[in-house]
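Encoded as structure tokens, the structure appears first; notes follow it.
Every value quoted in this text rests on a predicted model; they were computed, and no experiment measured them. Quick note on labels: first sequence line is chain A, next is B, and so on, each numbered from 1. What you see below is based on every heavy atom in this structure, not just the backbone, and it leaves out hydrogens, waters and symmetry mates.
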2 protein chains.
Amino acid sequence: MPPITRPNRSARRDAAEIVFFPLYRQVREGLLRRLAEGAWPAGAMLPSEQVLAAELGVSQGTVRKALDALVAENLLVRRQGRGTFVALHDESRILFQFFRLVSETGERQFPESRVLRVGAGRASAEERARLALAARARVVRIRRVRALAGRPCIAESIVLPASLFPGLIERPLPNNLYGLFAEKYGIGIARASERLRAVALGASDATLLGVAQGTPALAIDRLALAIDGRRVEWRVSHCLTTHVHYASDLT
Amino acid sequence: MPPITRPNRSARRDAAEIVFFPLYRQVREGLLRRLAEGAWPAGAMLPSEQVLAAELGVSQGTVRKALDALVAENLLVRRQGRGTFVALHDESRILFQFFRLVSETGERQFPESRVLRVGAGRASAEERARLALAARARVVRIRRVRALAGRPCIAESIVLPASLFPGLIERPLPNNLYGLFAEKYGIGIARASERLRAVALGASDATLLGVAQGTPALAIDRLALAIDGRRVEWRVSHCLTTHVHYASDLT
DNA sequence: CAGTGGTCTAGACCACAGG
DNA sequence: CTGTGGTCTAGACCACTGC
């Protein structure tokens with residue numbers, strides 16, 4: 001990474017608008033760019049704070065503040081005495097960051113998945129809108145059922161931009177898709193936003209989950225974004241919430 | 001606040017277990033205690049960082065780190081050039097921190113409330129469990145309907161420990177209950193945890209919301225905690241999600 | 001202008017992990 | 001023992017607010 005171009009702590013002028021842009025933000029953006037480019041593979045150790053500070057020509061405290069921000073965004077992990085590492089998409093992180101279904105006793109458990117269909121095709125209007133795709137873009141669609149504690153309780157439909165995942169259709173699909181995205185395609189899911197509704201199950205979902213059509217279910221509509229903000233996945237999950245609930249902390 | 005008792009950055013010994021307890025954490029705890037005691041009313045300005053540092057006999061940077069933590073918990077608000085203030089429970093904060101129902105276009109809007117019943121009584125077993133109350137404790141119960149954009153879409157039942165809210169029954173209840181708790185009873189809601197399920201509406205809720213019995217609804221079960229961790233409110237909301245959804249960011 | 005929080009630096013020392 | 005991140009300090013200067 002090239003040294004931060006000073007004038008470091010001055011102002012940035014954008015069309016007569018003056019925006020103060022602190023040094024540690026510039027450092028953060030630089031590191032973020034390198035992360036998005038895949039300069040360090042998932043799990044790799046970054047240079048130490050001292051080394052980064054020397055490379056960039058700033059103080060260690062400034063580097064630290066930039067690293068702190070990236071740790072807060074779950075992109076990096078610090079381990080005292082060891083170093084700073086690129087966050088992995090292992091099951092424990094997924095469980096902690098992306099999976100909110102909790103049993104009555106408060107335990108989180110990674111659900112087992114059974115893939116029903118994998119296919120490709122042109123994106124529908126809705127898929128294009130949700131994933132911000134061009135007119136004739138292609139998508140990969142995955143349909144699966146997931147079980148918690150042996151009980152099938154999630155019927156899931158996943159849509160991915162085909163351009164990002166060449167050859168995905170031929171692969172065996174693991175339980176943890178985000179781990180696959182990171183390892184095989186270098187695409188790390190950084191964050192997601194979910195929209196929740198209550199719906200009555202349609203015939204197809206009801207059959208899959210072994211309940212009557214019209215049973216109330218929690219519909220989770222998720223859009224997942226990569227580090228650089230690209231829309232990577234659109235996922236709709238229909239969940240039975242008789243033995244499980246969605247936990248949300250308002251802090 | 002008394003000066004922080006050194007040995008400040010040494011260790012704390014708990015039954016042969018050595019726990020490192022940084023100075024800024026001690027400062028945070030001290031400030032938190034004073035906040036919970038109501039030493040500064042909501043909206044009040046705290047002493048400046050310099051003054052706090054001098055009082056406590058630590059450096060300004062250490063005070064800053066403690067204040068940063070409390071700001072991150074939404075208990076304090078900083079305004080550059082003005083000072084550091086105790087967070088208010090005004091509608092904009094409530095909307096931002098505690099209200100997650102969003103319209104299709106992404107707008108958040110504070111719902112209008114119509115109170116149907118207010119009453120008191122002995123806590124049921126479930127109420128005692130959820131609010132951690134003693135055997136014969138009394139509670140206040142509120143039942144109301146809330147409307148978004150003129151449409152009634154939330155049927156809500158609220159349970160409060162009667163001991164915390166003397167005379168609440170006689171009061172007119174405002175739209176924003178948490179503001180009332182803070183202003184009239186000195187109880188600030190600091191955080192809450194919600195459990196979401198999909199349910200079929202019962203007869204009473206369905207009538208209130210003007211839909212058929214059995215209509216799927218999002219059940220939000222919320223437990224709200226005060227700054228000191230006391231359980232202050234148990235609230236169950238049944239929401240129609242045809243024109244609105246629950247937004248959850250996974251970051 | 002004075003006072004507040006925000007940034008940045010340089011350096012010392014501590015806690016922790018691993019060879 | 002060395003190297004890492006974590007804490008703490010002291011001081012300088014900047015940006016913002018309101019008088």
- [ ] Can you tell me the distance, in whole Å, between the CD atom of B:Gln60 and the P atom of C:dG3?
- [x] 15 Å
Open item on the list: Whether the B:Glu107 and B:Thr105 side chains hold a donor-acceptor pair (N or O, under 3.5 Å, no angle test) is what I'd like checked.
Closed with: yes
Task: Short side-chain N/O contact to D:dC8 OP1/OP2 from B:Lys65, under 4.0 Å - done: no
Open item on the list: Less than 4.0 angstrom between a side-chain N/O of A:Thr84 and OP1 or OP2 of D:dG5, yes or no?
Closed with: yes
- [ ] Using the test side-chain hydrogen bond (donor to acceptor under 3.5 Å, both in side chains), find all partners of A:Glu91 that sit at least two apart in sequence or belong to another chain.
- [x] none
Task: Atom-pair distance (CD on B:Gln50; C1' on C:dT7), nearest Å - done: 14 Å
Open item on the list: Applying side-chain hydrogen bond (donor to acceptor under 3.5 Å, both in side chains), can you list everything that pairs with A:Arg130, at least two apart in sequence or on another chain?
Closed with: A:Asp221
Open item on the list: Under 3.5 Å, is there a donor on one side chain and an acceptor on the other for A:Ser193 and B:Asp249?
Closed with: no
Extract all donor-acceptor atom pairs below 3.5 Å that involve side chains of residues 180-190 of chain A and protein atoms in other chains or at least two apart in sequence.
| residue | atom | partner | partner atom | Å |
| --- | --- | --- | --- | --- |
| A:Tyr185 | OH | A:Pro166 | O | 2.9 |
| A:Tyr185 | OH | A:Leu168 | N | 3.3 |
| A:Tyr185 | OH | A:Arg171 | NE | 3.1 |

Using a cut-off of under 3.5 Å, enumerate the N/O to N/O pairs linking the protein to nucleotides 16-19 of chain C.
| residue | atom | partner | partner atom | Å |
| --- | --- | --- | --- | --- |
| C:dC16 | O4' | A:Gln80 | OE1 | 3.2 |
| C:dG18 | OP1 | A:Arg82 | NE | 3.4 |

TODO: Send over the distance from A:Phe85 CZ to D:dT4 P, rounded to a whole Å.
DONE: 11 Å
TODO: Output yes when at least one side-chain N/O atom of A:Tyr24 is less than 4.0 Å from OP1 or OP2 of C:dT7, else no.
DONE: yes
TODO: Please report, rounded to the nearest Å, how far the P atom of D:dT4 is from the CG atom of A:Leu46.
DONE: 12 Å
Open item on the list: With a cut-off of less than 4.0 Å, is there a side-chain N or O of B:Arg64 near OP1 or OP2 of C:dG6?
Closed with: yes
Open item on the list: Without decimals, in angstroms, what is the distance between B:Leu76 CG and C:dT4 P?
Closed with: 16 Å
Task: Terminal axis angle for the helix from C:dC1-D:dG18 to C:dG18-D:dC1, five pairs an end, nearest 10 degrees - done: 20°
Task: Salt-bridge present (A:Arg25, A:Glu29; N to O < 4.0 Å) - done: yes
Task: Candidates D:dG5, C:dT9, D:dT9 - which lies nearest the side chain of A:Ser59 - done: C:dT9
TODO: Examine D:dT4: is either OP1 or OP2 under 4.0 Å from a nitrogen or oxygen in the side chain of A:Arg79? Give yes or no.
DONE: no
Open item on the list: Can you tell me which nucleotide in C:dA10, D:dT9, C:dG6 comes closest to the side chain of B:Leu23?
Closed with: D:dT9
Task: Minimum-distance pair of heavy atoms, taken over all atoms of B:Glu156 and B:Ser237 - done: OE2-OG, 2.7 Å
- [ ] Check the distance between D:dT4's P and A:Leu52's CG and give it to me in whole angstrom.
- [x] 11 Å
Open item on the list: Side-chain N or O of B:Thr62 versus OP1/OP2 of D:dT7: is the shortest distance under 4.0 Å?
Closed with: no
TODO: With sequence neighbours excluded, tell me which residues meet side-chain hydrogen bond (donor to acceptor under 3.5 Å, both in side chains) with B:Ser248.
DONE: A:Tyr246
Task: A:Glu49 CD to C:dT9 P, straight-line distance once rounded to whole Å - done: 14 Å
Task: Minimal non-hydrogen separation, A:His89 against A:Asn176, with atom names - done: O-ND2, 3.0 Å
Task: Whole angstrom value for the distance that separates C1' of C:dG6 from CZ of A:Arg28 - done: 17 Å
Task: B:Asp68 vs A:Val63, nearer the 5' end of DNA chain C by closest nucleotide - done: B:Asp68
Task: CG on B:Leu133 to CG on B:Leu164, rounded to 0.5 Å - done: 8.5 Å
